[in-house]
Amino acid sequence: KKRIVSGVQPTGSIHLGNYLGAIKNWIDLQNTYETLFFIVDLHAITLPYDTQELSKATKDTAALYLACGVDTSKASVFVQSHVRAHVELMWLLSSATPIGWLNKMIQFKEKSRKAGDENVGVALLTYPVLMASDILLYQSDFVPVGDDQKQHLELTRELAERINYLYGGRKWKKLGGRGGSIFKVPEPLIPPTGARVMSLTDGLSKMSKSAPSDQSRINLLDPKDVIANKIRRCKTDSFPGLEFDNPGRPECNNLLSVYQLLTGKTKQEVAEECHDMSWGTFKPLLTDALVDHLHPIQVRYAEIMSDSTYLDNILAEGASKAATIADDTLNNVYQAMGFLQR
Ligand code: TYM
């Protein structure tokens, strides 16, 4: 079976962008592929964070994975920091990562510009190397993510090829290794719709956990009245009718796409249904679609959180399965790079 890995940071609350861009797509993939889904807590400390919140947010995120439909009889779910190999491989990878590659990363440039040099930890720069480690450790074939992770995936691919070139190949075979490549070169899986869910208050910027206004996003755990209020107040325009793909109407395209994904209709169906609608007619429809979709997730979330040992057991089991695969890769890398074996 081909293997898939992916993860979400336990910072802030999980929103509709995380769900439609990533998590929702995991649910179908787990039936066809071997899947590992982690909560990337080590990534969550690259910007200032609250130590009181980290472990709670980590559990919350795990519970939401399950509530959204990740099925632990098929997928392994675990916490990144519980599998030590992630950090260890990161060090080995970082020795072969040119600083220039990291300086080019858009997310690093944006986040460091906002925070200022004196406030930016080195980990914000090396963040993509840790992400590469998350992926390469499991010899992953595919990585389902939203559009904003494309550049990190590209770096992961280049890094895998570089390590394979530097330490793999014939040299590696002579040392008695498995031969061939050390890492599989993974491919991103970016959904055709939903890969970039936009802010409710500005159709030109993406929905994000770090945006100051909570009005800009729908969180998966938002109650019904909060959702209704956010949709009532979200940014629209004053053109007649509703349509996809009009560059002058980014909010319209975004809200129709969200509606399409939540209802499972085709783009064509939604385009026809909404062609002559006013915002006043569409907004309650969208609110209902959101509430109908999120309510069962919220109910399951509450059930899972009410039995905390259940979740702890799932995470322990996931970590031990993951560690077996990860340690195997890590040992190979040490060997290929010429370290003395224990
Ligand atoms: P994170 O936590 O920022 O986001 C988690 C997932 O949600 C997607 N996403 C979106 N998709 C559509 N529209 C949006 N507005 C939107 N906002 C976020 C992201 O693309 C992502 O798929 N570095 C990663 C986490 C990570 C990871 C990994 C992912 C660490 N190691 C290994 C895959 C494989 C991140 O910060 O995602």
Side-chain angles (χ1 to χ4, degrees), residues 3-26 29 35-47 49 57-58 60-62 64-65 68 78-81 83 86-87 89-90 93 102 105-108 110-111 123-124 126-157 159-160 186-211 216-220 250 253-255 257-258 261 322 326:
R3 192 177 286 151
I4 281 188
V5 302
S6 197
V8 175
Q9 288 191 54
T11 39
S13 26
I14 306 250
H15 56 67
L16 200 61
N18 302 133
Y19 179 66
L20 296 177
I23 303 173
K24 184 168 178 284
N25 305 309
W26 303 352
L29 294 167
T35 43
L36 297 117
F37 301 121
F38 32 69
I39 298 96
V40 292
D41 54 349
L42 292 165
H43 278 98
I45 65 168
T46 53
L47 287 171
Y49 71 102
T58 302
D60 274 1
T61 307
L64 270 173
Y65 285 6
C68 288
F78 66 97
V79 177
Q80 183 187 33
S81 66
V83 180
H86 288 246
V87 177
L89 179 64
M90 182 206 176
L93 294 178
L102 299 177
M105 293 294 114
I106 295 164
Q107 291 214 346
F108 171 71
E110 282 176 1
K111 289 181 182 169
L124 191 66
T126 54
Y127 174 116
V129 187
L130 180 58
M131 179 159 165
S133 171
D134 299 339
I135 297 166
L136 300 180
L137 266 182
Y138 300 99
Q139 307 291 345
S140 316
D141 296 278
F142 301 108
V143 185
V145 284
D147 192 63
D148 61 350
Q149 298 301 319
K150 220 168 162 175
Q151 199 186 27
H152 292 158
L153 249 297
E154 199 42 52
L155 184 133
T156 302
R157 290 170 53 83
L159 198 47
E187 280 174 46
L189 276 186
I190 296 175
T193 312
R196 205 172 160 76
V197 176
M198 307 311 276
S199 154
L200 295 181
T201 48
D202 168 16
L204 295 176
S205 44
K206 68 169 189 190
M207 187 176 285
S208 96
K209 291 178 200 149
S210 57
S216 68
R217 59 186 163 258
I218 301 279
N219 304 305
L220 296 194
N253 187 66
N254 185 48
L255 296 175
S257 302
V258 167
L261 289 168

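Counting starts at 1 for both ligands and their atoms, in listed order. Both backbone and side-chain heavy atoms feed into the values below; hydrogens, waters and symmetry mates do not.
The side chain to side chain donor-acceptor pair (under 3.5 Å) test applied to D134 returns Q80, H86, not counting sequence neighbours.
In terms of heavy atoms, V40 sits closest to P10 at O-CD, 3.3 Å.
Using modelled atom types, one finds no donor on one side chain facing an acceptor on the other under 3.5 Å when comparing S257 with N254. The closest side-chain donor-acceptor pair between T58 and D41, if any, does not fall under 3.5 angstrom.
Under 4.0 Å is where a charged nitrogen must lie from a carboxylate oxygen, and between R196 and D148 no such pair does.
Residue L189 is tested with V145, N25, L29 for a side-chain contact (heavy atoms from CB on, under 4.5 Å); the sole match is L29.
Annotation: ligand 1 has protein neighbours S6, G7, V8, Q9, H15, G17, N18, G21, A22, F38, V40, H43, Y127, M131, D134, I135, V143, V145, G146, D148, Q149, G194, A195, R196, V197, K206, M207, K209, each with a heavy atom less than 4.0 angstrom from the ligand.
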